[in-house]
Amino acid sequence: GAVAATGTLSGSVSTQAAFHLVDSTYDGLPMSGDGRVQLAGKRLLPSTAQLSVAGNQAHLDGSFGAPGDRLRFAIDAPQLDRLGFGVAGQLDAHGEVSGSFAHPDVSADYRAQGLVIGANRIGAAQGQAHLGDGLDGALDVSLSASQVALGTIAFDTLSAKLAGTRARHTLEAHAQGAYAGHALDL
């Protein structure tokens with residue numbers, strides 16, 4: 001593979017990096033990808049990148065940090081355990097980020113299967129999220145999950161919906177399971 005980068009780190013950070021990875025490895029696992037990423041201060045200029053590690057894929061395309069910018073992303077990770085970060089299972093997510101770091105607007109869909117992070121486990125989960133800019137920005141987040149174990153809490157089923165705006169919203173949640181061995185039905 002090849003990596004090339006130029007830029008400045010003093011004052012306002014500015015950099016351009018290009019990479020092309022073929023027949024490469026990460027911790028002995030197959031890795032490939034290519035892309036061009038450009039940063040100027042707090043803005044990601046038009047960039048594209050795709051990376052595949054041990055059958056797990058990540059992709060980004062677009063720009064972020066100024067009005068009209070849109071950064072699209074996709075993660076297709078069916079073999080997280082192969083990455084060696086103490087995470088296992090499958091994760092699929094895709095969405096778009098616009099606005100700026102101070103005022104982001106995020107829309108995403110996600111799905112997980114057999115997800116394990118340390119001692120925490122999620123049998124299956126799916127949902128959507130939309131976080132609009134500012135206090136009056138839309139806030140719409142949904143989650144549906146099953147077989148969730150978080151320490152002494154175990155949910156057979158869990159669903160939640162957060163709706164409204166950042167300033168004024170409601171949360172509706174339902175859960176069935178157990179807490180410290182005691183039945184739980186919310």
Between Asp140 and Lys161, is a side chain to side chain contact (heavy atoms under 4.5 Å, CB included) present by the stated rule, with each step listed? CA-CA 7 Å; Asp140 185 11; Lys161 175 130 178 92; 2.5 Å; yes
Under the salt bridge (charged side-chain N to carboxylate O under 4.0 Å, His left out) rule, what do Arg70 and Glu96 come out as? Steps first, then yes or no, please. CA-CA 7 Å; Arg70 297 215 178 289; Glu96 183 176 277; 3.5 Å; yes
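Put simply, the side chain of Val53 reaches to within 4.5 Å of the side chain of Leu83, judged on heavy atoms.
The shortest heavy-atom contact between Leu80 and Ala77 is CD2-CB, 3.6 Å. The minimum heavy-atom distance linking Ala125 with Ala145 is given by the pair CB-CB, 3.9 Å. Scanning all heavy atoms of the two residues, the minimum distance from Ala102 to Pro104 falls at C-CD, 3.5 Å. The two residues Gly181 and Ala178 make their nearest non-hydrogen contact at C-CB, 4.5 Å.
One side chain, Gln57 or Ser52, offers a donor N or O that lies under 3.5 Å from an acceptor on the other.
Between the CZ atom in Phe73 and the CZ atom in Phe64 there is a gap of 11.5 Å [rounded to 0.5 Å]. With rounding to the nearest 0.5 Å, the separation of OG in Ser98 from CG in Leu71 is 9.5 Å. How far CG of Leu150 is from CD1 of Ile122: 6.5 Å, rounded to the nearest 0.5 Å. Considering CD of Gln79 and CG of Asn56, their distance stands at 6.0 Å, rounded to 0.5 Å. Put simply, OG1 on Thr48 and CZ on Arg72 are 9.0 Å apart, with the number rounded to the nearest 0.5 Å. Atom CG in Leu51 sits 11.0 Å away from atom CD1 in Ile75 (nearest 0.5 Å).
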Mind listing the side-chain donor-acceptor pairs of residues 25-42 below 3.5 Å, one per line with the distance, residues two or more places apart or on another chain?
residue	atom	partner	partner atom	Å
Arg36	NH2	Gln16	OE1	3.0
Gln38	OE1	Gln16	NE2	3.4
Gln38	NE2	Pro46	O	2.7

Please report, to 0.1 Å, the donor-acceptor pairs under 3.5 Å made by any side chain of residues 107-119, with sequence neighbours excluded.
residue	atom	partner	partner atom	Å
Ser107	OG	His130	ND1	2.5
Asp109	OD1	Gln128	NE2	3.2
Asp109	OD2	His94	NE2	3.3
Tyr110	OH	Ser142	O	2.8
Arg111	NH2	Asp92	OD2	2.4

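Cluster annotation: Leu135 is not connected to Leu131 through the hydrophobic network of ILVMFWY side chains, with a link wherever side-chain heavy atoms come within less than 4.5 Å. Linking ILVMFWY residues whenever their side-chain heavy atoms come closer than 4.5 Å, directly or via other members, leaves Leu91 and Leu60 in distinct clusters. Note: the hydrophobic cluster containing Phe19 does not contain Leu44 (ILVMFWY, side chain heavy atoms under 4.5 Å, direct or indirect links). Cluster membership for Phe101 and Leu45, using ILVMFWY side-chain heavy atoms within less than 4.5 angstrom, is not shared. Linking Ile, Leu, Val, Met, Phe, Trp and Tyr whenever their side-chain heavy atoms come within less than 4.5 Å puts Val141 and Leu171 in one cluster.
At least one donor-acceptor pair under 3.5 Å links the side chain of Arg166 to the backbone N or O of Gly132. A donor-acceptor distance shorter than 3.5 angstrom exists from the side chain of His169 to the backbone of Thr165, with no hydrogens or angles considered.
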